[in-house]
S.K.: 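Okay, handing you the structure first.
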Amino acid sequence: MSEEKGPMILMEDVTKEFPIRGRSDPVRALRGVNLRIERGDRVAIRGPSGSGKSTLLQLLGALDVPTTGRVLLDGRDLASMNERALTDYRARTVGFVFQQFNLVANLSARENVELPLEATGVSKEERHERADKLLSQVGMGERTSHLPAKLSGGEQQRVAIARALANKPSMVLADEPTGNLDTETGDAISALLMELSRSSGVTVVVVTHSARMARNCDKRFVIRDGKIREERPDAVADPDDEE
């Protein structure tokens, strides 16, 4: 875990624009976003498709830089970090969970969890030990040798969560982690993420369409047309958002 003081993430008046071929004006995905995320926060950012959720997540994960404004990661300005520093930040600080699971088809559950550890020089013995421990932690201890094709969607997402935690990140970024799951399985995955955060102190940021998942988080934000606002934990879901 980082020992830095101050917020883990601080976004100050951030905009992000994308040029479009054949158009003189770019698409403005983010418009003056201000966001503060503390260590250990469980944050939901929800909104409809095209609202800027995925763009925001890319900035939080150091996968892109803002057009204007500042993104501070543990006090370091994202725009001032070279590619080596960005790669190290992503490898050691951030764990990613995706809607599509993104497991390697010809690798077992254990081998999928071990993948991030290979890049950081962890020994083979420790990789095995850490992967098995994490798989047990997410309820997959009996299926470590199974290939993804032999696992249900919920089981694949549990493996993906274990993989995201393999390098002991300070923050997990989840992009629609329940989007491909039925309601019951999605609820179980959501509860698992929150419990792992509470037990380990890992910061969790979830971008989602679902007000249902957002209600499990301590802090909730709504993003529309690239603009973000905080939502009270007890706020009623907007009627045009998915449940």
Side-chain angles (χ1 to χ4, degrees), residues 8-9 35 37 40-63 90 93-105 107 109 112-113 115-116 131 134-140 143 146 148-149 151-223 228 231 233 237 241-243:
M8 185 172 194
I9 302 286
L35 181 66
I37 298 174
D41 278 352
R42 291 176 287 276
V43 178
I45 300 170
R46 66 185 185 92
S49 297
S51 60
K53 298 190 308 297
S54 295
T55 300
L56 182 61
L57 197 75
Q58 288 182 322
L59 294 179
L60 295 176
L63 295 170
R90 290 190 293 263
T93 305
V94 185
F96 294 93
V97 179
F98 305 97
Q99 180 177 351
Q100 303 293 340
F101 318 136
N102 290 358
L103 300 179
V104 180
L107 297 182
N112 267 283
V113 176
L115 271 179
L134 284 167
L135 287 167
S136 293
Q137 196 174 354
V138 299
M140 294 294 292
R143 301 177 74 78
H146 285 61
L151 302 175
S152 68
E155 288 172 334
Q156 290 186 60
Q157 195 61 294
R158 288 173 182 270
V159 174
I161 291 170
R163 181 185 58 191
L165 296 171
N167 274 327
K168 302 179 180 179
S170 302
M171 176 171 62
V172 170
L173 300 177
D175 188 1
E176 298 285 2
T178 62
N180 283 340
L181 305 174
D182 62 76
T183 300
E184 183 177 356
T185 304
D187 286 349
I189 292 298
S190 178
L192 174 62
L193 276 171
M194 298 306 110
E195 177 54 36
L196 290 170
S197 175
R198 282 189 288 269
S199 63
S200 64
V202 172
T203 303
V204 172
V205 181
V206 178
V207 297
T208 180
H209 284 81
S210 173
R212 186 184 184 92
M213 183 171 192
R215 282 193 289 268
N216 290 322
C217 295
D218 303 320
K219 293 182 178 180
R220 292 166 52 185
F221 297 87
V222 173
I223 187 167
I228 197 167
E231 188 177 38
D241 282 335
E242 291 182 10
E243 280 293 324

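Atoms considered below: every heavy atom in the structure, side chains included; atoms not considered: hydrogens, waters and symmetry mates. Counting begins at 1 with the first residue of the sequence.
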S.K.: Would you mind writing out the side-chain donor-acceptor pairs for residues 182-189 within the sub-3.5 Å range, not counting sequence neighbours?
M.R.:
| unit_1 | atom_1 | unit_2 | atom_2 | d |
| --- | --- | --- | --- | --- |
| Asp182 | OD1 | Glu184 | N | 3.1 |
| Asp182 | OD1 | Thr185 | N | 2.9 |
| Asp182 | OD1 | Thr185 | OG1 | 3.1 |
| Asp182 | OD2 | Thr185 | OG1 | 2.9 |
| Asp187 | OD1 | Arg212 | NE | 2.9 |
| Asp187 | OD2 | Arg212 | NE | 3.2 |
| Asp187 | OD2 | Arg212 | NH2 | 2.8 |

S.K.: Looking only at non-hydrogen atoms, find the nearest pair between Val97 and Gln157 and report the distance.
M.R.: CG1-OE1, 3.4 Å
S.K.: Distance check, rounded to the nearest 0.5 Å: Asp175 atom CG versus Gln100 atom CD?
M.R.: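 The CG atom of Asp175 sits 9.5 Å away from the CD atom of Gln100.
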S.K.: Answer yes or no: is there a side-chain heavy-atom contact under 4.5 Å between Lys53 and Glu176?
M.R.: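 Counting from C-beta outward, Lys53 and Glu176 do come under 4.5 Å.
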S.K.: Looking at CZ of Phe96 and CG of Leu63, how far apart are the two atoms once the value is rounded to the nearest 0.5 Å?
M.R.: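 If I round to the nearest 0.5 Å, the distance is 4.5 Å.
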S.K.: Working to the nearest 0.5 Å, report the span between CD1 of Ile161 and CG of Leu192.
M.R.: 4.5 Å
S.K.: Determine the minimum heavy-atom distance between Pro148 and Val104, stating which atoms define it.
M.R.: CG-O, 3.5 Å
S.K.: With side-chain contact (heavy atoms from CB on, under 4.5 Å) as the criterion, how do Val138 and Leu196 come out once you've worked through the C-alpha distance, each side chain's angles and the decisive distance to 0.1 Å?
M.R.: CA-CA 9 Å; Val138 299; Leu196 290 170; 4.2 Å; yes
S.K.: Any salt bridge (charged side-chain N to carboxylate O under 4.0 Å, His left out) involving residues 155-165? Give me the pairs, sequence neighbours left out, ordered by first then second residue.
M.R.: Arg143-Glu155
S.K.: For the residue pair Asn112 and Leu107, what are the closest heavy atoms and their distance?
M.R.: ND2-O, 3.1 Å
S.K.: What's the shortest heavy-atom distance between Ser199 and Gln137, and which atoms?
M.R.: OG-NE2, 4.5 Å
S.K.: To the nearest 0.5 angstrom, please state how far the CZ atom of Phe98 sits from the CG atom of Asn180.
M.R.: 13.5 Å
S.K.: What distance separates Arg42 CZ from Leu193 CG, expressed to the nearest 0.5 Å?
M.R.: 11.0 Å
S.K.: CG/Leu35 to CD1/Ile223 distance, rounded to the nearest 0.5 angstrom?
M.R.: 9.0 Å
S.K.: So do the side chains of Asp218 and Asp41 get within less than 4.5 Å of each other, counting heavy atoms only?
M.R.: no
S.K.: Which heavy atom of Val202 sits nearest to which heavy atom of Pro169, and what is that distance?
M.R.: CG2-O, 3.6 Å
S.K.: Could you check if a side-chain atom of Arg46 sits within less than 4.5 angstrom of a side-chain atom of Ser210, using non-hydrogen atoms only?
M.R.: no
S.K.: Where is the tightest heavy-atom contact between Pro177 and Met213, given as atom of each residue plus distance?
M.R.: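 Reported closest heavy-atom pair: CG-CE, 3.5 Å.
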S.K.: Answer yes or no: is there a donor N or O on one side and an acceptor on the other, between the side chain of Thr203 and the main chain of Gly40, under 3.5 Å?
M.R.: yes
S.K.: Given side chains that start at C-beta, do those of Ile9 and Leu60 come closer than 4.5 Å, heavy atoms only?
M.R.: yes
